[in-house]
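For reference, the structure discussed in these notes is given below.
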Amino acid sequence: MEERSVSAAGAVVVGRRAPVQVAIVGAGFIGAVHARSARLAGARIVGVTASTPERSEEAAGRLGAVRAYDVAEELVTAPEVDVVHLCTPNHLHAPLALAALAAGKHVVCEKPLAVDAVQAAELGTAAAASGRVATVPFVYRYHPMVLEARARVAAGELGAVRLVHGGYLQDWLSTPEDDSWRVDPELGGASRAFADIGSHWCDLAEFITGDRIAAVCAQSATVVPERAQRAGARPFQGGGDAAERRPVSTEDLVVMLFRTEGGVLGTMLVSQVSPGRKNHLHIEVGCELASVRFEQERPETLWLGRRERTEELWRDPAHLSPSAARHAIVPVGHPQGYLECFDAFVADTYAAIGGADPDGLPRFAAGVRQAHVTAAVLVSAERGEWVDV
């Protein structure tokens with residue numbers, strides 16, 4: 001493995017030897033995001049595979065890969081590969097990640113880590129036993145203003161945490177004409193909306209507060225009971241006319257009460273059927289002296305509210321905590337967003353492969369953790385009672 005150092009912005013600086021050799025498994029929207037961040041971190045994409053040989057060939061050219069592979073299992077165990085990025089439907093995560101780890105590869109696996117908590121725990125155990133770096137893209141951790149909120153809570157300057165609330169709202173599945181493989185429990189797992197985006201919110205809540213969710217009381221609803229038979233539709237691109245319908249069993253939305261290990265109460269709402277809400281992740285932590293609020297669609301600022309005044313903090317590296325300033329890579333007024341978060345996450349993953357220990361890097365343990373939260377939410381919604389995580 002080549003020598004590397006980490007820049008102030010979290011990027012990997014490749015040394016004298018060959019760059020990290022990367023495999024991309026799955027070449028849709030998120031596969032392209034992984035490939036972009038890998039290239040920016042100095043990696044070489046040696047192989048890519050998609051759902052068919054034809055799509056694999058097309059993806060190799062589009063993503064700048066050395067070659068296309070017809071079989072994912074061949075790619076994740078190929079001797080020239082150092083790191084496997086798994087960007088497939090959820091049901092393929094566990095078998096491909098286990099194969100890659102057994103072959104001595106480092107793994108970056110999309111969330112949810114697996115279709116259920118049992119599979120996720122198996123992956124966590126395998127990753128720990130392998131000694132390889134295995135990470136999951138809870139990339140919202142890398143917003144500088146999220147890191148600023150975390151630093152202020154940890155420093156105690158806002159006082160004791162009293163309340164956590166927020167949600168994650170989208171609209172890309174809001175009509176019966178909208179469909180995706182995620183709707184199918186055989187491909188995506190028993191939970192859809194919560195496992196897909198609720199896991200992001202819960203990870204962020206635990207990351208900012210340093211306090212884990214201990215118990216949940218949830219209700220879920222499937223408000224679009226039938227959808228167009230269009231499982232190959234790409235996310236966020238809307239539907240079209242289709243005569244054939246199929247029943248839906250996975251949830252469209254979840255309302256959750258929760259209690260943390262520290263005794264803090266909270267609420268959150270997850271929805272993929274809220275018209276007008278594109279990617280509205282928002283979280284507010286109410287503390288003894290002040291409240292702090294982050295909104296992912298407005299990532300340049302952090303709202304800080306006190307009884308006597310409120311203020312809007314801007315992503316100005318000169319006035320941020322060291323952890324936040326490390327990821328503020330351009331001057332204030334030059335917007336950073338989701339892609340820069342992903343870039344920083346991938347760069348930190350590769351830095352960890354080189355022996356570094358980046359603060360806040362979400363490893364497989366974080367994915368296992370959120371699989372257990374999701375499992376508790378499903379049980380709670382079914383039984384109508386509080387369930388321990």
Side-chain angles (χ1 to χ4, degrees), residues 10 108-113 120 124 134-158 160-168 194-214 216 256 258-262 264-268 270 279 281-287 291-296 299 302-304 313 315 320-328 336-338 340-342 344-349 352 357-374 376-377 389:
V108 180
C109 182
E110 267 300 325
K111 46 93 252 177
L113 196 56
T135 62
V136 59
F138 286 130
V139 298
Y140 295 123
R141 294 183 178 196
Y142 282 86
H143 278 294
M145 302 315 285
V146 163
L147 290 159
E148 184 66 16
R150 181 192 187 214
R152 289 178 181 240
V153 170
E157 67 176 76
L158 309 183
V161 176
R162 291 176 167 176
L163 174 68
V164 183
H165 60 97
Y168 199 158
F194 195 90
D196 185 21
I197 59 176
S199 59
H200 267 303
W201 192 94
C202 292
D203 177 77
L204 209 58
E206 295 186 339
F207 181 69
I208 291 173
T209 64
D211 194 7
R212 304 214 308 178
I213 296 170
V216 301
M256 183 181 79
F258 63 90
R259 181 178 63 251
T260 72
E261 292 177 354
V264 175
L265 299 182
T267 66
M268 63 96 69
V270 169
N279 202 44
L281 185 158
H282 54 289
I283 183 167
E284 186 168 319
V285 180
C287 301
S291 298
V292 63
R293 180 181 179 89
F294 173 77
E295 297 190 18
Q296 195 276 152
L302 193 68
W303 180 83
L304 186 66
L313 306 176
R315 185 195 52 75
L320 297 180
S321 63
S323 61
R326 180 171 87 96
H327 292 290
Q336 289 180 220
Y338 172 79
E340 286 78 13
C341 289
F342 221 103
F345 159 73
V346 170
D348 269 5
T349 296
D357 186 20
D359 177 55
L361 178 65
R363 299 176 186 260
F364 267 23
V368 175
R369 167 72 189 158
Q370 294 313 316
H372 284 298
V373 174
T374 299
V377 165
V389 176

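Residue indices begin at 1 and follow the sequence shown. Predicted model only: the values in this text are computed from it and were never measured. Only heavy atoms go into these numbers, but all of them, side chains included; no hydrogens, no water, no symmetry mates.
- When all heavy atoms of P299 and G337 are compared, the closest pair comes out as CG-CA, 4.5 Å.
- In this structure the side chain of C202 reaches within 4.5 angstrom of the side chain of M256, judged on heavy atoms.
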task: Quick one: do H200 and F138 satisfy ring-ring contact (aromatic ring centres under 6.0 Å, His included)? Show the steps, please.
output: CA-CA 6 Å; H200 267 303; F138 286 130; 5.5 Å; yes
- prompt: Hey, mind stepping through V108 and V346 against side-chain contact (heavy atoms from CB on, under 4.5 Å) and telling me if it holds?
  reply: CA-CA 8 Å; V108 180; V346 170; 5.7 Å; no
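- Counting all heavy atoms, side chain and backbone alike, V292 lies closest to L304 at CB-CD1, 4.2 Å.
- Proximity of V373 to S199: side-chain heavy atoms (C-beta onward) are nowhere separated by under 4.5 Å.
- Annotation: the span from T267 atom OG1 to L163 atom CG amounts to 6.5 Å, rounded to 0.5 Å.
- Ion pair R212/E206 not flagged as a salt bridge, since none of the NZ, NE, NH1 or NH2 atoms sits closer than 4.0 Å to an Asp/Glu carboxylate oxygen.
- The two residues A366 and D203 come nearest to each other via the heavy atoms CB-OD1, 4.1 Å.
- Closest approach of S321 to A151, counting heavy atoms only: OG-CB, 3.4 Å.
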field: Intermediate values then yes/no, side-chain contact (heavy atoms from CB on, under 4.5 Å), T209 and T260
entry: CA-CA 10 Å; T209 64; T260 72; 5.9 Å; no
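- Geometrically, R150 engages F207 in a cation-pi contact defined by less than 6.0 Å to the ring centre and at most 45° from the axis.
- A distance of 5.5 Å separates CE of M145 from CG of L313, quoted to the nearest 0.5 Å.
- No donor-acceptor distance shorter than 3.5 angstrom exists from the side chain of E284 to the backbone of G166, with no hydrogens or angles considered.
- In this structure, OH on Y142 lies 8.5 Å from CG on L147, to the nearest 0.5 angstrom.
- Of the inter-residue distances, the one linking L265 atom CG with H165 atom NE2 reads 12.0 Å to the nearest 0.5 angstrom.
- Here the NZ atom belonging to K111 is positioned 8.0 Å from the CD1 atom belonging to I197, to the nearest 0.5 angstrom.
- Closest non-hydrogen pair, L320 versus R315, comes out as CD1-CG, 4.2 Å.
- Under the 3.5 Å distance criterion, the side-chain polar atoms of Q336 are matched with a main-chain donor or acceptor of H327.
- Of the possible polar contacts, one joining the D211 side chain to the G262 backbone as a donor-acceptor pair under 3.5 Å is found.
- At least one side-chain heavy atom of F258 sits less than 4.5 Å from a side-chain heavy atom of V164.
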message: Does D357 form a salt bridge (charged side-chain N to carboxylate O under 4.0 Å, His left out) with R363? I'd like the steps, not just the answer.
response: CA-CA 11 Å; D357 186 20; R363 299 176 186 260; 3.6 Å; yes
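- Listed for the H282 side chain is a donor-acceptor partner under 3.5 Å among the backbone atoms of G167.
- Aromatic ring pairs are classed by plane angle as parallel below 30°, tilted from 30° to 60° and perpendicular above 60°; the pair F294 and H143 is tilted.
- Separating the CG atom in L281 from the CG atom in L204 is a distance of 6.0 Å, to the nearest 0.5 Å.
- The two residues A120 and A371 make their nearest non-hydrogen contact at CB-CB, 3.5 Å.
- Counting only heavy atoms from C-beta outward, the side chains of W201 and Q296 never approach each other to under 4.5 Å.
- Under the 3.5 Å distance criterion, with hydrogens and angles disregarded, no donor-acceptor pair is assigned to the side chains of N279 and Y338.
- Under the 30°/60° scheme for interplanar angles, the aromatic rings of F345 and F342 are found to stand perpendicular.
- A salt bridge links D348 with R326; the closest basic N to acidic carboxylate O contact falls under 4.0 Å.
- With I213 as reference, R369 is the one residue of R369, R259, E261 to meet the side chain to side chain contact (heavy atoms under 4.5 Å, CB included) rule.
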